[in-house]
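Read the structure below first, then the notes.
Please read these numbers as outputs of a predicted model, since none were measured by experiment.
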Amino acid sequence: MKNNRFAALLVVALTALALWSLWPTYQEYSYDKKLSEFSSAEDSLSFVQEHRESLDNAAEKSLKLGLDLKGGMYLVLEVDLIDLLDQKAWNKDETFRDILLAVKTRASGVNTRIIDLLAEEFADRGIRMSRYFYDVRDSDEEVIAKLRGEAAEALRRAREIIRNRVDQYGVAEPQIQTQGARRIIVALPGVSDQERIRKLLRGTAKLEFKFVLDRQSMLSALDRIDASLSGEDGTDNGNPLYRHLSVLESGRVYVPEYSREFVLSLFQREDILQLMPKDSEFRISARSVTGQDGQQYYDLYLLKKTPELTGGVITEAKATFGASAMQPEVTMKMNADGTSKWARITGANIGRQIAIVLDGAVYSAPVVESKIPGGSSVINGIDSLEEAQDLEIVLKAGALPAPVRIIEERTVGPSLGADYIRSGLLSASWGLFIVAVFMIFYYRKAGVSADIALVLNILFVLSVLAGFGAALTLPGIAGLVLTIGMAVDANVLIFERIREEIQAKKNLRVAVDTGYSKAFSAIMDSQITTLGAGFLLYVYGIGPIQGFAVTLMIGTAASLFTALVVTKSIFDLLIGKNLLTEKSFG
């Protein structure tokens, strides 16, 4: 009797817990419905401001929807391992660049292993790989093993950094997984600002502090480049470089928006690099200014190529507003090593410009006015607080080991997601209705108890998904429908066993107890097998398969509880009140 009372209390407690877990979902639905009833934006804004805390709490704790139901972005990113190889090589000549170009051409459009292609190119040319990588005494096999390790680590780090960026951005239930040797799959439910997401994921976040070389050195380099482009025959072709630049009397040089891509590509050419001062590079500003002619212009800088400090020393980044409270900026703090180096660099170079370069663009180039002992620095020249917040995210997450590019992108609209929700709910509702009617028709009162257990089963599944922050996807709804059938299957096994005991002229209570006891092993075998299959699907599957597996595993566990505990508690209650007879089982 005590066991029966405990089981009944357990059912009541879990049901109450499930309803509590799903309450924020109901609140969010109610708030959305209320907002849709307002006729003016002012009323909607007023309601949101008045209920801000409740709205945020409901959104955070409600049942999340996956990409296919809520809409959002699906992207395939590719890690540029060619760039990684270029970074790792210590001896870069024309032969090496030809090899990299050949590997890049062969790898284009296919998800093959870059290191294998690289090894084949070296073997075909009869060149030892240690000529460019690691120690000259290493064999090709040793170099290949080391490079494979570097490539695998780069892919792993890229995935984790992208996950950190997405988590800080605030996407609910993102799916981020590696695919093959150099691709990362990213599914982001509910995101609407697609361009912001693209910039957030693509940015390498390579932060560098570099000295700005003097104006005269820059103008002299530009003169040499312009003369070289004019041709070696000495003819004047109209200053081919300066046609794409705007030079002020102060010595400042600007690049017009329409010439930006041409100038950037020009300064990457090998022959042009030979005309520049040693250990130098041209970079342009991240932010443009509007000229008197209405055109957009970018500042051109000649920088020392070797950075004085890199973003690896940054421990904290914060988006905020400057002293004027008008211009957004990102303040940064450095670790102990960075603090001491920054103090030494600034103390020894008062009066010089230091450029803060992020992903190859100069965000600011302040003049060092005094020694900075506290390890602090600021990135300004930012257009909006949103951009500053994105910079904060990428700096906190860290720099990618190699650039990534988006090779595939799909957007799921919210209207399509709404259609999926309606279709999924309709299929689940019809499935539940047909099963419920059949159980009542075939098993009478016992069928009613099975239907009650079935409703609780669905309630438990949804509450667990909501409680643990898991997302409900379209395959998840399919798993929910399958769970309905499996839950009924367990009840059918039990009811048929009870029928057999009743036909053997046993007492009703004895028949019920014996029926549950005899059906227990068969139910456990089938459910444990299903749990194992669901676990394997989750471990080895991706995306939609995992959504199906999660719902299936939760549903299987809930089915065991409802079939063995909930219906048994209902039967014990009915037998105790003499409301159950042999005919109650059909």
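Y297 and E257 share no side-chain donor-acceptor pair at under 3.5 Å. Donor-acceptor pairing under 3.5 Å is recorded for the side chains of T290 and Q296.
S265 contributes a side-chain N or O that, together with a main-chain N or O of E261, makes up a donor-acceptor pair within less than 3.5 Å. Looking only at distances, a side-chain donor or acceptor of N335 sits under 3.5 Å from a matching main-chain atom of G338. Between the side chain of W342 and the main chain of S376, a donor-acceptor pair closer than 3.5 Å is present. With hydrogens and angles ignored, the 3.5 Å screen pairs no side-chain donor or acceptor of D138 with any backbone N or O of V143. Formation of a donor-acceptor pair under 3.5 Å by the R224 side chain with backbone atoms of L275 is found in this model. No donor-acceptor distance shorter than 3.5 angstrom exists from the side chain of S220 to the backbone of S217, with no hydrogens or angles considered. The backbone N or O of D337 lies less than 3.5 Å from a partner atom in the side chain of S340, making a donor-acceptor pair. Under a 3.5 Å cut-off, the side chain of T315 and the backbone N or O of K333 do form a donor-acceptor pair. A donor-acceptor pair is defined here as one N or O able to donate and one able to accept, closer than 3.5 Å; such a pair exists between the side chain of R163 and the backbone of I176. Side chain of Q353 to backbone of A365: a donor-acceptor contact under 3.5 angstrom is found.
A salt bridge is absent between K210 and E308: the closest approach of a Lys/Arg side-chain nitrogen to an acidic carboxylate oxygen does not fall below 4.0 angstrom. Ion pairing between E281 and K304 fails under the 4.0 Å rule for side-chain N and carboxylate O. Look at R97 and D86 and you find a salt bridge, because one of the NZ, NE, NH1 or NH2 atoms lies within 4.0 Å of a carboxylate O, short of that distance.
For E142, there are no salt bridge (charged side-chain N to carboxylate O under 4.0 Å, His left out) partners at least two apart in sequence or on another chain. Not counting sequence neighbours, the partners of D299 by the salt bridge (charged side-chain N to carboxylate O under 4.0 Å, His left out) test are R252.
Taking the side chain as every heavy atom from C-beta outward, V247 and Y242 approach each other to under 4.5 Å. The side-chain heavy atoms of F282 and M276, taken from C-beta on, include a pair separated by under 4.5 Å.
Every pair passing salt bridge (Lys or Arg N to Asp or Glu O under 4.0 Å) that includes a residue from residues 271-280 is listed here, sequence neighbours excluded: R269-D271.
Closest non-hydrogen pair, Y298 versus A286, comes out as CE2-O, 4.0 Å.
In this structure, R287 is not positioned above the aromatic face of Y363 in the sense of NZ or CZ being under 6.0 Å from the six-membered ring centre and within 45° of the axis.
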